[in-house]
Structures are given as C-alpha cells and as structure tokens.
Amino acid sequence: MKKKLALILAAVMMLGLFAGCSNKTPTGSGNPSGGEGADAMRVDVFYYDFSDVYISTVRTAMDEQLKAMGIEPNNWDAAGSQPTQTDQVNTAITAGSDLLIVNIVETATSSPAQDIVNAAKSAGIPVIFFNREVADNSVINGYEKCAFVGTNAPDAGHMQGEMIGNYLLENYDAVDLNGDGVISYVMFKGQEGNAEAEARTQFAVEDADKILTDAGKPALSYYDSSAATKYLVDTEGKWSAKAANDYMVALLGSYNEGNNNMVELIICNNDGMAEGAISALQNVGYNKGIDENGEPLSTNIPVFGVDATDSAKALIKAGSMVGSIKQDAVGMASTINALVKNVQNGLDVMDGINADNGYTVDLNEDGTIEVAKIRVPYAMYDATSEG
C-alpha cells in the first residue's frame, strides 16, 4: 500500500513539473526575452540584429518607455537573418501577440515585409515597421493597421555632405597630406539595397563635392581610381566596426603616407564603421585625438559617421573623429510608442499623429496622408554640440 501511494505521489509531482514547464517563455538569441501579465497587452518587438550599436540604443529606450506604459516587451533578435525573423513573427502571432513592432532585416526587396503584413492582417494584429524602411508604400497602405517610423533617408547624406564640405574648406591644406591639391577619400557603405545606405553613400559625396567645387576646389577623389564602385560594403549587411576595421587595415598596407597616397578622408554610413576605421588608424599612429589644450596628439585623418552613438560622441570629444549625424534613438522609440499607446487605448494606429501634434508624416500635395510613414528628424553633431 505504501509503495502504491509513493508511485501515485511521484506521478502527481511529474505532472506538476511538466505543467510548470509548458508556461515558460523561451529565452535566448532568436527567442523572445520578457513577457507580460495575464491581462497585459502582449507586444513583440523584432530587431534585425541586437549587435547593431544604434539599434541597441533604440532597444534600451523602447524597453524603458514600454515598461513605463505597463508593457513588458518580448524582444526578438533575428541576428541578420530574414528567414529567422519571419519565423519569429509567425511564432509570436501563434502565441497571441497583440502588436508586432518590426525592424525588418531585408530591405532590398519588399517581399518579406509584405509577408509579415499579410500574416498580421490575417490575424487582425497591428504592425509597426521602424528604422529600416519598407520602400514600397503599397505594403504600408495595404493594411489600415500598419505604419512605419523612421527617418527621411536622404537627409543624413545631405547633412553629412554639408558637414564634410565645410570642414574641408576650413582645413584643406592640413587634410591634403601629400599636397597634390586633391582630397582622397574612402566610403564605407553599410548594406547594398538599403535605402539609408544608398542615400548616405550618394549625397555625402555629391553635396561635399558641390561645396568644394563652388569654392574653386577640386571634387573629392576616391582613393582607388580603378575601382568600379566608389565604396566598400559590409558584405554581411551588418554595418559593423569589424568590416570597416578589416578593410582599413588592408587598405593602409598600400595606401599610406610612405607611398605618398594616404587616404585623407573617411566617410562612413554609420558610427560603428567609423569606430572600426578609427581603431585601424590608431593602431598605426593616427587619430590619437587632442590634448587638454586642443592640440593634436598625432595626425588626425578626418572621419565622419552617422548615428551620434555615445561611443562616437566620446571619440568626437576626444578629437579622434570629426562629426556624425544624430539619429535620435530616444525620439525613434518615443514616436513608435505613441503608436503603441494608440493600440493600447483601442484607437487607430495613426490617431493624432499629425503636424499639429509635432509629427512629420508623408503627405500628398493636398495635405492628406500619402502613406502612414512618420519621419524622425536628423541633426548634425560635432565637438561643439551639447549632449
């Protein structure tokens, strides 16, 4: 009798253990971290890559703001894989998500975004894309519960070009290391087909060239005149410091002051790549920054980036980097969460999102909304900037 009772108790304990395990939320890379109470709104946020420095700052701001709204977000890391992200979205929908917030991986084609919209629409779930733009407006306009929050891609390139052109006019002779009257440059591009990367790559050089030529100076000259494309791309699409560092280390083996052909200007599509390039320069004695009197500690090759991350701001303050274009991570998160608040309150996603309330939305000529895309403004950042 005692033996039979012991077996029954053991069986009950095992059933309880399995029941407890079935309610656990999976965690780790590629799975959500977080969760919510039984009555809380479930929000799933899908990031293209946790390792991206700028995206990490957005994630930190998003988490803080959502938690202040009583929402514990489920964060997903696609680690740069669109198939992984698509599977994650489908898993979240099956698990009962109330809102999908998507930092899409693939931007060269609109198909993955369309697939996500179709899945969300079938389930009646709102979806907000952010940062990495869904270029095809029909994807956003095809679902009334869909919106995009990001920037106006060309603005960063135009601002960077203006910053570069003006800096060169003020410091031309110092930057022209070999004294040939022409500034040679290298461009580090984040990703082929990405709207932000394309615009930054084009307009940073075009606008800098216009400022130079209007002042009677030659246009910029790409360091390798035989190159078919005038940029070096991160082949993994991660806009990484490692990619830029690897390129710069290899480049400096042939293009240097000893050979009288040193690269005199470095333009980067983001601050991560700028940091990688600066690291390579510092390893061979350049870009050591300035002393307490503002005097250079070494020859400083001007480096420009985009994002104004905290680490880039520190390099700018130290004099190792000239400037960046601020992509407001907190502003990005705040704008996204204004839409989240609408969903939480049972309103339309775009309710109250207009110029009267301080938002910039893509409009038709008659003032009506062309597409549910909200633009967070860029700003220039250099050693004179605050914050």
Side-chain angles (χ1 to χ4, degrees), residues 53 160-188 204-205 208 211-212 217-218 220-224 231-232 234 239-326 380-386:
V53 176
Q160 195 180 55
E162 181 182 345
M163 184 181 282
I164 291 167
N166 289 335
Y167 176 85
L168 292 178
L169 288 185
E170 294 174 7
N171 301 277
Y172 205 90
D173 291 342
V175 175
D176 183 15
L177 295 178
N178 63 2
D180 66 353
V182 179
I183 304 300
S184 65
Y185 78 99
V186 62
M187 163 70 75
F188 291 115
V205 176
I211 290 172
L212 291 173
K217 298 289 188 183
L220 298 173
S221 175
Y222 194 67
Y223 80 99
D224 181 359
Y231 56 79
L232 298 173
D234 183 344
W239 309 58
S240 72
K242 182 180 185 304
N245 184 268
D246 289 346
Y247 276 129
M248 200 71 206
V249 168
L251 184 156
L252 287 168
S254 299
Y255 296 86
N256 51 62
E257 282 196 87
N259 289 339
N260 205 36
N261 60 358
M262 179 73 180
V263 170
E264 297 161 330
L265 167 68
I266 297 171
I267 310 172
C268 301
N269 280 178
N270 77 329
D271 287 341
M273 290 187 291
E275 291 174 41
I278 290 170
S279 177
L281 288 169
Q282 290 179 335
N283 285 340
V284 292
Y286 292 92
N287 290 57
K288 298 295 186 180
I290 55 177
D291 63 19
E292 62 274 10
N293 298 315
E295 296 298 321
L297 297 170
S298 68
T299 297
N300 290 317
I301 307 300
V303 179
F304 294 83
V306 176
D307 288 336
T309 61
D310 287 345
S311 50
K313 289 178 181 178
L315 287 169
I316 292 168
K317 183 178 180 180
S320 297
M321 181 174 171
V322 175
S324 184
I325 305 303
K326 182 180 179 180
M380 294 183 188
Y381 188 96
D382 61 17
T384 66
S385 302
E386 297 182 4

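Since the structure is predicted, the reported quantities are computational estimates derived from the model, not experimental observations.
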task = State, to 0.1 Å, how close Ala308 and Lys326 come at their nearest heavy-atom pair, and which atoms those are.
result = CB-CA, 3.6 Å

request  = Return yes if some donor-acceptor pair links the side-chain N/O of Glu162 with the main-chain N/O of Ile211 below 3.5 Å, else return no.
outcome  = no

Just list the side-chain donor-acceptor pairs under 3.5 Å for residues 277-285, sequence neighbours left out, or say none.
residue, atom, partner, partner atom, Å
Gln282, NE2, Asn287, O, 2.9
Asn283, ND2, Ser279, O, 3.3

query = Can you name the closest pair of heavy atoms from Val303 and Cys268 and give their distance?
reply = CG1-SG, 4.5 Å

note = One should read off an interatomic distance between Tyr381 OH and Thr309 OG1, to the nearest 0.5 angstrom, of 10.0 Å

ask   = Looking only at heavy atoms, which two atoms of Ala174 and Leu177 are closest? And how far apart?
value = O-CD2, 3.6 Å

key: Under 3.5 Å: donor-acceptor pair, side chain of Ser184, backbone of Tyr223   = no

ask   = When Glu275 is tested against each of Ser311, Ser320, Ser240 for side chain to side chain donor-acceptor pair (under 3.5 Å), which residue passes?
value = Ser311

remark   = Rounding to 0.5 Å, atoms OG (Ser221) and OH (Tyr185) come to a distance of 8.0 Å

Which atom of Ala208 lies closest to which atom of Gly165, heavy atoms considered = CB-N, 4.0 Å

ask   = Judged by atom type as modelled, is there a donor-acceptor pair below 3.5 Å linking the side chain of Asn261 to the main-chain atoms of Asn256?
value = yes

query = Taking all non-hydrogen atoms of both residues, which atom of Pro302 and which atom of Tyr167 are closest, and how far apart?
reply = CB-CE2, 3.7 Å

ask   = Can you check whether Glu295's main-chain N or O pairs, donor with acceptor, with Asp291's side chain at less than 3.5 Å?
value = yes

message = Looking at every heavy atom in both Phe188 and Ala244, which two are closest together, and how far apart are they?
response = CZ-O, 4.0 Å

ask   = Ignoring hydrogens and geometry, is there a side-chain-to-backbone donor-acceptor pair from Asn245 to Ala241 under 3.5 Å?
value = no

message = Would you say that Ile325 contacts Met380 through its side chain, given a criterion of any heavy-atom pair below 4.5 Å between the two side chains?
response = yes

request  = Using modelled atom types only, decide if a donor and an acceptor are shared between the side chain of Asn259 and the backbone of Tyr255 within a distance under 3.5 Å.
outcome  = no

task = Apply side-chain contact (heavy atoms from CB on, under 4.5 Å) to Asn270 and Val53, showing your working.
result = CA-CA 9 Å; Asn270 77 329; Val53 176; over 6 Å; no

query = Do Met321 and Asn300 have side-chain heavy atoms sitting under 4.5 Å apart?
reply = no

message = Just checking Lys242: does its NZ atom have more than 12 heavy atoms from other residues, nucleotides or ligands closer to it than 6.0 angstrom?
response = no

note = In this structure, CG of Leu169 is separated from NZ of Lys217 (nearest 0.5 Å) by 7.5 Å

message = Run the side-chain contact (heavy atoms from CB on, under 4.5 Å) test on Val205 and Tyr222 for me, step by step, so that the C-alpha distance in whole Å, both residues' side-chain angles and the decisive distance to 0.1 Å come before the verdict.
response = CA-CA 10 Å; Val205 176; Tyr222 194 67; over 6 Å; no

query = In Å, rounded to the nearest 0.5 Å, how long is the span from CG of Asp224 to CG of Leu232?
reply = 8.5 Å

message = So does Ala243 get a backbone contact from the side chain of Asp234, meaning a donor-acceptor N/O pair under 3.5 Å?
response = no

task = Apply side-chain contact (heavy atoms from CB on, under 4.5 Å) to Glu264 and Asn178, showing your working.
result = CA-CA 9 Å; Glu264 297 161 330; Asn178 63 2; 3.3 Å; yes

note = Separation between CD1 (Ile267) and CE (Met273), nearest 0.5 Å, reads 11.5 Å

message = Please report the interatomic distance CG(Asp271) to CH2(Trp239), rounded to the nearest 0.5 Å.
response = 11.5 Å

ask   = With distance as the sole test, does Tyr172 use its side chain to make a donor-acceptor pair with the main-chain N or O of Gly181 at under 3.5 Å?
value = yes

inquiry  = I'd like to know if the side chain of Asp176 reaches the main chain of Ile183, judged simply by a donor and an acceptor atom lying under 3.5 Å from each other, with no hydrogens or angles considered.
reply    = no

query = Given the rule in the side-chain contact (heavy atoms from CB on, under 4.5 Å) test, do Met248 and Ile266 qualify, once you have shown the distances and angles that lead to the verdict?
reply = CA-CA 10 Å; Met248 200 71 206; Ile266 297 171; 3.5 Å; yes

